[in-house]
Engineer: 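Structure provided below as structure tokens; questions to follow.
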Amino acid sequence: MQNFDARTPTPAHETAIDCLQAGVEAVLPDRVVRESVSLDGDALTVADETYDLTAYDHILVVGGGKAGDGVADALEAVLGDRIDDGVVVTPDPTPSPDGRIERLPGDHPVPSARGVESTRRLVDLISDLDDRTLVLAAITGGASAVLPAPAEGISLAELQETTDRLLESGAEIHDLNAVRKHVSTLKGGGLARLAAPATVVGLVLSDVVGNDLGVIASGPTAPDETTYDDALDVLDRFDLDVPKSVRTRLARGSAGDIPETPKPGDSVFDRVTNHVLADTFTALDAAREVADERGYDPLVLSSRVRGEAREAAKTHVAVAEESLATGNPIAAPAVVLSGGECTVTVRGDGDGGPNLEFCLAAAAELPEETVLASIDSDGKDGGTEVAGAVVDSSTVDAGDAHDALARNDALPVLREAGALVESGATGTNVNDLRVVVVGEGV
């Protein structure tokens with residue numbers, strides 16, 4: 001991964017960026033798989049479980065998402081010619097070193113025609129398997145969009161329109177996926193159902209608050225606890241105008257005319273095991289070590305921050321203010337860390353993403369002696385090509401910040417201020433990472 005390109009005029013700015021980079025590097029798929037997956041003769045160990053490869057005639061690698069390419073590379077390095085075939089779909093596929101795992105293109109955050117075609121190849125590979133097949137499934141953030149398989153009666157254009165409406169609504173990931181699972185053949189346990197009775201081992205890099213396996217990548221290898229009724233409730237709660245075919249399918253499912261997604265206890269999961277190899281806390285732990293090495297007292301505030309980005313920003317500002325005023329929850333000089341996934345309710349037509357809105361809203365209220373940085377760990381915040389920003393109390397005028405926030409137009413303001421953090425696509429994704437450096441040295 002290339003170094004983060006960001007403004008670092010003071011040691012505190014540099015500390016903030018170094019914490020973020022350490023966090024991202026800790027969850028790169030090559031490192032994560034190398035630490036969690038090993039082969040000793042015929043014994044394949046994944047996390048805390050061992051699989052006897054003599055029990056299988058074929059080993060397949062499938063899956064996708066933003067870290068799918070890296071997971072595929074790492075598995076090829078571990079298993080080599082033990083892999084018989086594979087398909088991994090990612091936004092920026094690179095050629096397989098030995099050609100065993102096919103790398104195919106998909107798109108994020110809105111599914112594309114090439115993603116549908118790539119996913120069709122994956123579906124063909126896992127259909128009609130037997131119990132002598134081992135499927136290693138790379139389940140990583142972004143796979144919900146990258147691996148589209150529209151359900152019968154729903155076109156790609158209709159799936160795209162529905163995805164756009166959901167993303168613009170400010171709905172959190174659980175609500176988003178309740179709908180997506182019920183308009184797709186792979187999501188909500190669909191991959192597990194197609195692959196049964198094969199043994200399926202999910203290698204999961206989580207980008208979901210709380211690591212809910214049913215939500216990560218829309219849960220292709222996990223039971224689905226949501227229903228058609230839940231999906232309809234999301235559409236009604238957010239007053240979403242979606243294509244008629246989508247609402248019709250959900251209504252038919254609610255009436256019992258279409259089978260539900262597989263639920264907990266379904267036999268399709270009898271031979272399925274999922275292992276979460278890395279998540280937001282993995283990244284925060286690495287960032288905490290950097291802060292400690294720099295002489296700051298580190299505090300992980302939470303790895304589960306969610307809600308409107310600009311409101312979460314106010315909470316982080318308040319924590320910095322309290323630290324400076326009373327020494328609570330930690331005395332300065334300190335580094336306060338958090339992760340999670342904030343959302344933006346789009347009301348304007350500007351350019352930005354949750355982390356950019358978070359930084360701009362914070363910059364308008366940050367106390368002196370404070371530096372704040374926030375990025376999306378995949379290197380692309382929302383629909384932008386930047387990871388996020390690093391700000392302090394002098395970055396922007398408060399009035400300019402509020403005007404830009406009203407238009408959802410954080411990107412140009414932060415670009416003009418020289419506050420952007422640019423890394424390019426990192427090849428991983430475990431949600432948003434935030435650093436607040438408070439006190440001495442700022």
Engineer: For residues 207-225, which residue pairs pass the side-chain hydrogen bond (donor to acceptor under 3.5 Å, both in side chains) check, not counting sequence neighbours?
Structural biologist: S144-S218, N177-S218, K181-D224, S206-N211, D207-N429, N211-D279, T221-N274, D224-T226, D224-T261

Engineer: Would you say R415 and L411 make side-chain contact, with heavy atoms under 4.5 Å?
Structural biologist: yes

Engineer: Ion pair present between R31 and E25, side-chain N to carboxylate O less than 4.0 angstrom?
Structural biologist: no

Engineer: Using salt bridge (Lys or Arg N to Asp or Glu O under 4.0 Å), reason through R120 and E117 one step at a time and then give a plain yes or no.
Structural biologist: CA-CA 5 Å; R120 187 175 295 119; E117 185 62 31; 2.6 Å; yes

Engineer: Any Lys/Arg nitrogen of D376 or K66 sitting under 4.0 Å from an Asp/Glu carboxylate oxygen of the other?
Structural biologist: no

Engineer: Does E416 CD have over 12 foreign heavy atoms under 6.0 Å away?
Structural biologist: no

Engineer: Say you draw a straight line from NE2 of H182 to CG of L232; how long is it, rounded to the nearest 0.5 Å?
Structural biologist: 9.5 Å

Engineer: Under a plain distance cut-off of 3.5 Å, with no hydrogens placed, do H275 and S36 share a side-chain donor-acceptor pair?
Structural biologist: no

Engineer: Which residues pass the side chain to side chain contact (heavy atoms under 4.5 Å, CB included) test with S394, not counting sequence neighbours?
Structural biologist: D392

Engineer: Give the intermediate values and the outcome of side chain to side chain donor-acceptor pair (under 3.5 Å) for residues D18 and T15.
Structural biologist: CA-CA 5 Å; D18 287 350; T15 294; 6.0 Å; no

Engineer: If I take atom OG from residue S38 and atom CG from residue L44, how far apart are they, to the nearest 0.5 angstrom?
Structural biologist: 7.0 Å

Engineer: Ignoring hydrogens and geometry, is there a side-chain-to-backbone donor-acceptor pair from T119 to G115 under 3.5 Å?
Structural biologist: yes

Engineer: Is T185 reaching over with its side chain to a backbone N or O of A151, donor-acceptor style, under 3.5 angstrom?
Structural biologist: no

Engineer: Can E172 and T343 be counted as having a side-chain donor-acceptor contact under 3.5 angstrom?
Structural biologist: no

Engineer: To the nearest 0.5 angstrom, please state how far the CZ atom of F281 sits from the CZ atom of R288.
Structural biologist: 4.5 Å

Engineer: Answer yes or no: is there a donor N or O on one side and an acceptor on the other, between the side chain of T248 and the main chain of K244, under 3.5 Å?
Structural biologist: yes

Engineer: Taking the side chain as C-beta and beyond, is there a heavy-atom pair between I139 and L203 under 4.5 Å?
Structural biologist: no

Engineer: Can you spot which of L205, L28, N355, V430 makes a side-chain contact (heavy atoms from CB on, under 4.5 Å) with S377?
Structural biologist: V430

Engineer: Please determine whether a side-chain nitrogen of the Lys or Arg among D107 and R114 lies less than 4.0 Å from a carboxylate oxygen of the Asp or Glu.
Structural biologist: yes

Engineer: Which pair of non-hydrogen atoms, one from L301 and one from S338, has the smallest distance, and what is that distance?
Structural biologist: CB-CB, 4.4 Å

Engineer: Tell me, do E341 and R306 make a side-chain contact under 4.5 Å, heavy atoms counted?
Structural biologist: no

Engineer: Please check if the side chain of S254 supplies one atom and the backbone of L250 the other of a donor-acceptor pair under 3.5 Å.
Structural biologist: no

Engineer: With rounding to the nearest 0.5 angstrom, report the CG to CZ distance, L60 to R100.
Structural biologist: 12.0 Å

Engineer: Using only heavy-atom distances, determine whether the side chains of T282 and D285 contain a donor-acceptor pair under 3.5 Å.
Structural biologist: no

Engineer: When you compare the side chain of L104 with that of R121, does any pair of heavy atoms fall below 4.5 Å?
Structural biologist: yes

Engineer: Rounded to the nearest 0.5 Å, how far does CG of D400 lie from CG of D409?
Structural biologist: 11.5 Å

Engineer: Any donor-acceptor pair under 3.5 Å linking the side-chain atoms of S245 with those of E158?
Structural biologist: yes

Engineer: Is any side-chain heavy atom of I154 less than 4.5 Å from a side-chain heavy atom of V246?
Structural biologist: yes

Engineer: Using 0.5 Å steps for rounding, measure from the CZ atom of R193 to the CZ atom of F269.
Structural biologist: 8.0 Å

Engineer: Decide, yes or no, whether a salt bridge links D69 with R103 under the criterion of side-chain N to carboxylate O below 4.0 Å.
Structural biologist: yes

Engineer: Is the shortest side-chain N to carboxylate O distance from E357 to R310 below 4.0 Å?
Structural biologist: yes

Engineer: Do D85 and I101 touch side chain to side chain, with heavy atoms closer than 4.5 Å?
Structural biologist: no

Engineer: As a test of understanding, state which of V421, I375, L356 forms a side-chain contact (heavy atoms from CB on, under 4.5 Å) with V386.
Structural biologist: L356

Engineer: Please examine the side chains of L405 and R407, heavy atoms only from C-beta on, and report whether any two atoms are closer than 4.5 Å.
Structural biologist: no

Engineer: Is there a side chain to side chain donor-acceptor pair (under 3.5 Å) between E102 and S96 once you walk through the steps?
Structural biologist: CA-CA 7 Å; E102 192 174 4; S96 167; over 6 Å; no

Engineer: Does some side-chain heavy atom of L125 sit less than 4.5 Å from a side-chain heavy atom of V62?
Structural biologist: yes

